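In the text below, chain A, chain B and the rest are named by the order of the sequence lines, each starting its count at 1. Remember, predicted model here, so these are calculated numbers, not experimental data.
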Protein chains: 2
Amino acid sequence: MTIRVVVAEDQSAVRAGLVLILGSSPEIEVVGEAADGEQAVELARELRPDLVLMDIQMPRMDGVSATRQVVAEGLADVLVLTTFDLDEYVFGALRAGASGFLLKNTDAKELIEAVRTVARGEGLIAPAVTRRLIAEFAAPRPVRSPDAPDPAVLDVLTRREREVLSCLGQGLANAEIAVRLEMAEATVKTHVSRLLGKLELRSRVQAAVLAQELGV
Amino acid sequence: MTIRVVVAEDQSAVRAGLVLILGSSPEIEVVGEAADGEQAVELARELRPDLVLMDIQMPRMDGVSATRQVVAEGLADVLVLTTFDLDEYVFGALRAGASGFLLKNTDAKELIEAVRTVARGEGLIAPAVTRRLIAEFAAPRPVRSPDAPDPAVLDVLTRREREVLSCLGQGLANAEIAVRLEMAEATVKTHVSRLLGKLELRSRVQAAVLAQELGV
DNA sequence: CCGGCGGTACATCGAAGGATGCAGTCGCGG
DNA sequence: CCGCGACTGCATCCTTCGATGTACCGCCGG
């Protein structure tokens with residue numbers, strides 16, 4: 001059984017080279033060529049290849065979006081091929097569902113081997129980027145929410161106010177905060193009131209939520 | 001410049017095989033052999049090799065812990081080698097800072113190539129596990145905090161109470177909740193009071209914090 | 001020296017929150 | 001049908017909260 005491949009790459013010379021390389025292997029058959037992302041998705045829909053070899057930089061629809069589309073529709077596995085190993089490309093492509101990520105400096109033999117590997121249902125990543133992938137994976141950066149409660153807002157608060165805010169984030173009542181911070185309950189109220197004003201909040205509940213989001 | 005390697009593997013026969021394979025390459029020199037994790041760390045400290053080839057299953061100190069130690073002290077890169085591609089091994093090893101992850105069914109030539117790759121500062125992962133790594137990476141599962149506020153607690157709440165809790169999590173006041181859920185403020189208070197009791201909380205603030213942690 | 005300013009602190013008072021008692025509704029097994 | 005329990009709903013009463021006014025301290029520049 002041959003591996004049916006669609007090659008998506010906007011530079012025709014490079015595309016021709018890829019086709020040539022892949023065609024040189026008896027078990028690989030290039031069944032289609034696309035010059036942009038949209039064409040790649042269309043061809044994948046029509047031809048149902050085993051694999052799409054996808055460039056990142058392409059007109060009309062970039063490779064990452066095309067990859068997302070192809071994977072979402074379950075049309076084929078995607079092996080991404082690009083010149084630059086920028087993080088945004090790598091992570092973007094992988095999040096989009098790519099099964100592999102190669103750099104264009106890969107030589108012919110490795111490329112063919114890569115296609116076979118991915119077709120086997122395995123994954124493959126260029127060694128040069130593997131390390132950064134591992135690093136990214138190993139250090140799960142705290143999920144900075146898109147709604148991004150800016151930590152800078154804390155700058156407007158005084159030390160005491162930040163301490164009180166921290167207590168609020170733990171769900172403490174004014175009396176409890178007073179004990180913990182060693183001041184009168186009335187004073188706690190003052191600080192609460194002040195920080196509510198500065199942060200433009202309307203109740204301690206909102207302050208607590210904010211404190212949570214900020215991880216205070 | 002030769003690549004100086006420490007081999008850590010408890011089964012002496014396997015270890016001998018690895019040493020033989022690595023030694024067959026002119027640019028690789030096996031400078032030490034360890035039969036358990038502690039020895040591996042000690043040897044790494046003494047010999048400062050370029051790379052430690054580390055088995056996962058070892059007595060006294062498992063490979064993951066040893067890897068963490070070696071990497072933390074900046075002693076050497078670590079290439080993990082194991083028989084089983086269990087997720088816990090893979091992810092554990094990578095989080096511990098391993099630069100590569102190979103299965104023992106890797107043949108001699110690939111092993112040597114892998115050592116060279118890692119020594120170059122690149123990363124390397126067995127194709128069979130790469131796909132799962134990608135999947136794990138692409139689907140950033142919500143970081144289940146270790147303090148684990150059990151989502152099951154919500155089971156004790158009625159539909160209405162959950163709705164109110166959700167509003168609390170957004171920092172709304174009783175009057176606002178009343179409008180949103182179309183009931184009297186007095187009723188909102190009832191629900192708040194009830195859910196506080198069921199969840200063993202002492203104020204709406206704590207409820208709001210909990211709602212946050214649960215992502216309600 | 002002193003007047004202003006920011007941080008901290010406390011007291012007072014109206015508003016919001018929370019506990020409690022009770023009533024209407026629905027579904028279920030006797 | 002009836003009793004029972006779970007859910008939802010509202011009203012009353014006491015507590016906590018939050019806004020506001022005031023006061024003390026330390027610091028700075030005039």
Practice problem: Write down the atom of B/L168, the atom of B/A208, and the distance for their closest heavy-atom approach. | Solution: O-CB, 3.4 Å
Exercise. Mind calculating the distance between CG (A/L168) and C1' (D/dT16) to the nearest angstrom?
Key: 13 Å
Quiz item: What are the residues of residues 185-192 of chain A, sorted by number, that bring a heavy atom to within less than 4.0 Å of DNA chain C?
Solution: A/A186, A/T187, A/T190, A/H191
Self-check item: Atom-to-atom span, CD1 of A/I177 to C1' of C/dA9 - whole angstrom
Solution: 15 Å
Quiz item: Rounding to a whole Å, what distance do you find between A/E182:CD and C/dT8:C1'?
Solution: 15 Å
Quiz item: What is the distance, rounded to the nearest whole Å, between atom CG of B/L195 and atom C1' of D/dA6?
Solution: 16 Å
Quiz item: Any idea which of D/dA19, D/dG9, D/dC17 is nearest the A/L196 side chain?
Solution: D/dA19
Exercise. Determine, step by step, whether B/E163 and B/R160 satisfy the salt bridge (charged side-chain N to carboxylate O under 4.0 Å, His left out) criterion, reporting the C-alpha distance in whole Å, the side-chain angles of both residues, the deciding distance to 0.1 Å, and the verdict.
Key: CA-CA 5 Å; B/E163 289 172 2; B/R160 220 57 173 149; 2.7 Å; yes
Quiz item: Roughly, in whole Å, what's the span from CG in B/L172 to C1' in C/dG18?
Solution: 17 Å
Self-check item: Worked check of salt bridge (charged side-chain N to carboxylate O under 4.0 Å, His left out) between A/K104 and A/D55
Solution: CA-CA 9 Å; A/K104 283 191 180 167; A/D55 188 17; 3.5 Å; yes
Quiz item: For the residue pair A/V64 and A/A96, what are the closest heavy atoms and their distance?
Solution: O-CB, 3.7 Å
Quiz item: Could you state the CG-P distance from B/L165 to C/dG18, rounded to the nearest angstrom?
Solution: 13 Å
Quiz item: Separation of A/R160 atom CZ from C/dC10 atom P, in whole Å?
Solution: 9 Å
Quiz item: With respect to the phosphate group of D/dC17, does any side-chain polar atom (N or O) of A/N174 fall under 4.0 Å of OP1 or OP2?
Solution: yes
Quiz item: Going by heavy atoms in the side chains, are B/V118 and B/L79 under 4.5 Å from each other?
Solution: yes
Quiz item: Between B/L165 and B/A207, what is the shortest heavy-atom contact and its length?
Solution: CD1-O, 3.6 Å
Quiz item: Between C/dA9, C/dC10, C/dG7, which nucleotide gets closest to the side-chain atoms of A/T158?
Solution: C/dG7
Self-check item: Strand contacts (DNA chain C) in residues 201-209 of chain B, 4.0 angstrom heavy-atom criterion
Solution: B/S203, B/R204
Practice problem: Grab the two heavy atoms, one from B/L47 and one from B/R4, that are nearest each other, plus how far apart they are. | Solution: O-NH1, 3.0 Å
Exercise. Start with the C-alpha gap between B/E122 and A/R131, add the side-chain angles, then the distance that decides, and say whether salt bridge (charged side-chain N to carboxylate O under 4.0 Å, His left out) holds.
Key: CA-CA 6 Å; B/E122 300 181 344; A/R131 194 133 200 177; over 6 Å; no
Quiz item: Pick one: which of B/L94, B/V80, B/V41 meets side chain to side chain contact (heavy atoms under 4.5 Å, CB included) with B/T67?
Solution: B/V80
Quiz item: B/A173 has a side chain; which of D/dC17, D/dT8, C/dA16 sits nearest to it?
Solution: C/dA16
Quiz item: Quick one: does B/R194 reach the base of D/dT8 with a side-chain donor-acceptor pair under 3.5 Å?
Solution: yes
Quiz item: In whole angstroms, how far is the C1' atom of C/dG6 from the CD atom of A/E161?
Solution: 10 Å
